[in-house]
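Have a look at the structure below before the remarks.
Values below: every heavy atom of this structure, side chains too, minus hydrogens, waters and symmetry copies.
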Amino acid sequence: MKIKFHKYQGTGNDFIMVNGFEQSIDLSSHQIANLCSRRFGIGADGLIILKKEKDLDFYMDYYNSDGKPSSMCGNGGRCAVKFAYSTGVLKKNNCTFNAIDGKHEATILEDDIVSLKMIEPYGLDVSNDKVIVNTGSPHVVFFKEEDFNLAEMDLQKEGSSIRNSPMFIKNGINVNFTKRDKDLIYLRTYERGVEAETLSCGTGNVATAIAHAINENAAGVVTYNLKNKGGDLNVRFSINEHNIKDVWLTGQAVMVFKGEINIVN
């Protein structure tokens, strides 16, 4: 079986995109994992298939690089919107689509910028050293001091240890380490399903922004600029104590290349 694909990246978080509107596709977990392999396939953090959805523009069917269906991916959602527009699935620069965590709105702005409305976060758990929150995917956020060298920490070791700890091993969790430096928030994310650091994680950026807002006792409409290894993202939301609404994730979504590939078992 031969399929057409596009490769997209959102601040370094990369995805294989398949248009299910124009080709019927049914892939096994093994085939998806092979496609996402950086040694033996196209290479990506995940694979997304656009599918028809009644009364909405499309359904975003998302799989992690391990080939398994996953929870919501914010950067993947932004890339899916840009891909849908570039392939003609969308005829306008705004849309409403469905994903595993529910309905999302999105708007394509200038210079490949896509703004995506996320679900209202839930499962909030605040303690002295961390914040746990589900922003479409489950996240734990750890704060580091301003003088901590975030770039040099062994994220694979630290992230994997927490993700596989007794507290989180059953369902898994995405692990974020963050620090503030004046007006910027820096973070690094270890993603479950990828089982490694990704250059950016959309739901992780949202979780990190929420964690900082709670830590700073923010109120009203707030905006945070976050720096990832793969680029910058913006998160905006309304917060009143722990009541958080109207969450928007904004950043670039860019096509890298496109092609065809023969799928083998």
Side-chain angles (χ1 to χ4, degrees), residues 3-11 13-27 32 36 44-65 68-122 134-139 174 191 193 198 200-207 233-237 244-256 258:
I3 64 167
K4 297 178 181 178
F5 71 90
H6 288 62
K7 173 81 174 283
Y8 270 75
Q9 62 89 8
T11 52
N13 204 188
D14 57 347
F15 309 94
I16 300 165
M17 297 285 179
V18 179
N19 185 353
F21 282 66
E22 67 177 22
Q23 56 185 324
S24 178
I25 183 166
D26 183 19
L27 298 172
I32 293 171
C36 292
D45 293 324
L47 180 142
I48 294 171
I49 305 172
L50 299 188
K51 296 182 176 179
K52 293 181 180 180
E53 179 82 348
K54 185 178 179 182
D55 299 327
L56 296 177
D57 290 295
F58 62 86
Y59 180 83
M60 170 185 157
D61 193 13
Y62 175 67
Y63 300 83
N64 269 331
S65 62
K68 298 175 183 177
S70 186
S71 47
M72 179 58 184
C73 178
N75 285 331
R78 295 188 306 98
C79 287
V81 171
K82 188 65 188 299
F83 172 61
Y85 184 75
S86 69
T87 53
V89 170
L90 292 180
K91 307 299 182 184
K92 54 191 186 304
N93 67 346
N94 57 78
C95 70
T96 305
F97 68 92
N98 224 345
I100 194 168
D101 64 336
K103 190 163 66 173
H104 294 265
E105 300 172 34
T107 301
I108 301 171
L109 306 173
E110 72 284 349
D111 299 326
D112 295 320
I113 303 294
V114 177
S115 188
L116 172 68
K117 188 173 186 181
M118 308 294 286
I119 65 165
E120 291 184 8
Y122 63 94
N134 196 308
T135 56
S137 289
H139 285 269
N174 302 287
E191 282 200 49
T198 52
S200 170
C201 172
T203 54
N205 276 251
V206 173
L233 287 169
N234 176 275
V235 178
R236 184 182 81 252
F237 53 89
I244 300 158
K245 296 182 177 180
D246 298 322
V247 183
W248 288 84
L249 173 70
T250 303
Q252 280 197 320
V254 180
M255 190 185 84
V256 182
K258 61 183 178 179

Does a side chain donor of either [X] or [Y] reach within less than 3.5 Å of an acceptor in the other side chain?
{"X": "Asn64", "Y": "Ser70", "result": "yes"}
{"X": "Asn75", "Y": "Ser200", "result": "yes"}
{"X": "Tyr122", "Y": "Asn134", "result": "yes"}

Short side-chain to backbone donor-acceptor contact, [X] and [Y], under 3.5 Å:
{"X": "Ser137", "Y": "Met72", "value": "yes"}
{"X": "Arg78", "Y": "Gly251", "value": "yes"}
{"X": "Thr135", "Y": "Thr203", "value": "yes"}
{"X": "Asn174", "Y": "Glu191", "value": "no"}

For [X] and [Y], which heavy atoms make the closest approach, and how far apart are they?
{"X": "Leu109", "Y": "Ser115", "result": "CD1-CB, 4.3 Å"}
{"X": "Ala80", "Y": "Met17", "result": "N-CE, 3.5 Å"}
{"X": "Val247", "Y": "Pro121", "result": "CG2-CD, 4.0 Å"}
{"X": "Ser65", "Y": "Ala44", "result": "CB-O, 3.5 Å"}
{"X": "Ile16", "Y": "Phe5", "result": "CG2-CB, 4.0 Å"}
{"X": "Asn13", "Y": "Cys201", "result": "OD1-CA, 4.0 Å"}

Taking it one step at a time, do Asp14 and Val256 satisfy side chain to side chain contact (heavy atoms under 4.5 Å, CB included)? CA-CA 9 Å; Asp14 57 347; Val256 182; 5.9 Å; no

Nearest 0.5 Å, what's the [atom1]-[atom2] distance between [X] and [Y]?
{"X": "Asn98", "Y": "Asp55", "atom1": "CG", "atom2": "CG", "result": "10.5 Å"}
{"X": "Thr198", "Y": "Asp45", "atom1": "OG1", "atom2": "CG", "result": "5.5 Å"}
{"X": "Arg236", "Y": "Leu249", "atom1": "CZ", "atom2": "CG", "result": "10.5 Å"}
{"X": "Thr96", "Y": "Leu90", "atom1": "OG1", "atom2": "CG", "result": "9.5 Å"}
{"X": "Ile49", "Y": "Ile32", "atom1": "CD1", "atom2": "CD1", "result": "6.0 Å"}
{"X": "Phe15", "Y": "Cys79", "atom1": "CZ", "atom2": "SG", "result": "5.5 Å"}

Those residues that, when tested against Phe97, pass ring pair (Phe, Tyr, Trp, His ring centres under 6.0 Å) (two or more places apart):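 Scan of Phe97 (ring pair (Phe, Tyr, Trp, His ring centres under 6.0 Å), adjacent residues dropped) gives Phe58, His104.
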
Suppose we screen for ring pair (Phe, Tyr, Trp, His ring centres under 6.0 Å). Which residues come up paired with Phe83, at least two apart in sequence or across chains?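 Result, ring pair (Phe, Tyr, Trp, His ring centres under 6.0 Å) vs Phe83: His6, Tyr8.
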
Test side chain to side chain contact (heavy atoms under 4.5 Å, CB included) on Tyr63 and Cys36 and set out the steps. CA-CA 10 Å; Tyr63 300 83; Cys36 292; over 6 Å; no

Partner set under salt bridge (Lys or Arg N to Asp or Glu O under 4.0 Å) for Lys51, not counting sequence neighbours: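 Lys51: salt bridge (Lys or Arg N to Asp or Glu O under 4.0 Å) contacts with Asp61.
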
So Asn205 and Thr11, side chain to side chain contact (heavy atoms under 4.5 Å, CB included) or not? Walk me through it. CA-CA 11 Å; Asn205 276 251; Thr11 52; over 6 Å; no

Write out all pairs satisfying salt bridge (Lys or Arg N to Asp or Glu O under 4.0 Å) with one or both partners inside residues 99-113, taking only residues at least two apart or from two chains.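 For residues 99-113: Lys82-Asp112.
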
Lys92: partners by side chain to side chain donor-acceptor pair (under 3.5 Å), with sequence neighbours left out: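 Checked Lys92 against side chain to side chain donor-acceptor pair (under 3.5 Å); matches are Asp57.
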
All side-chain contact (heavy atoms from CB on, under 4.5 Å) counterparts of Glu22, not counting sequence neighbours: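 With sequence neighbours excluded, Glu22 shows a side-chain contact (heavy atoms from CB on, under 4.5 Å) to Lys4, Asn19, given in chain and number order.
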
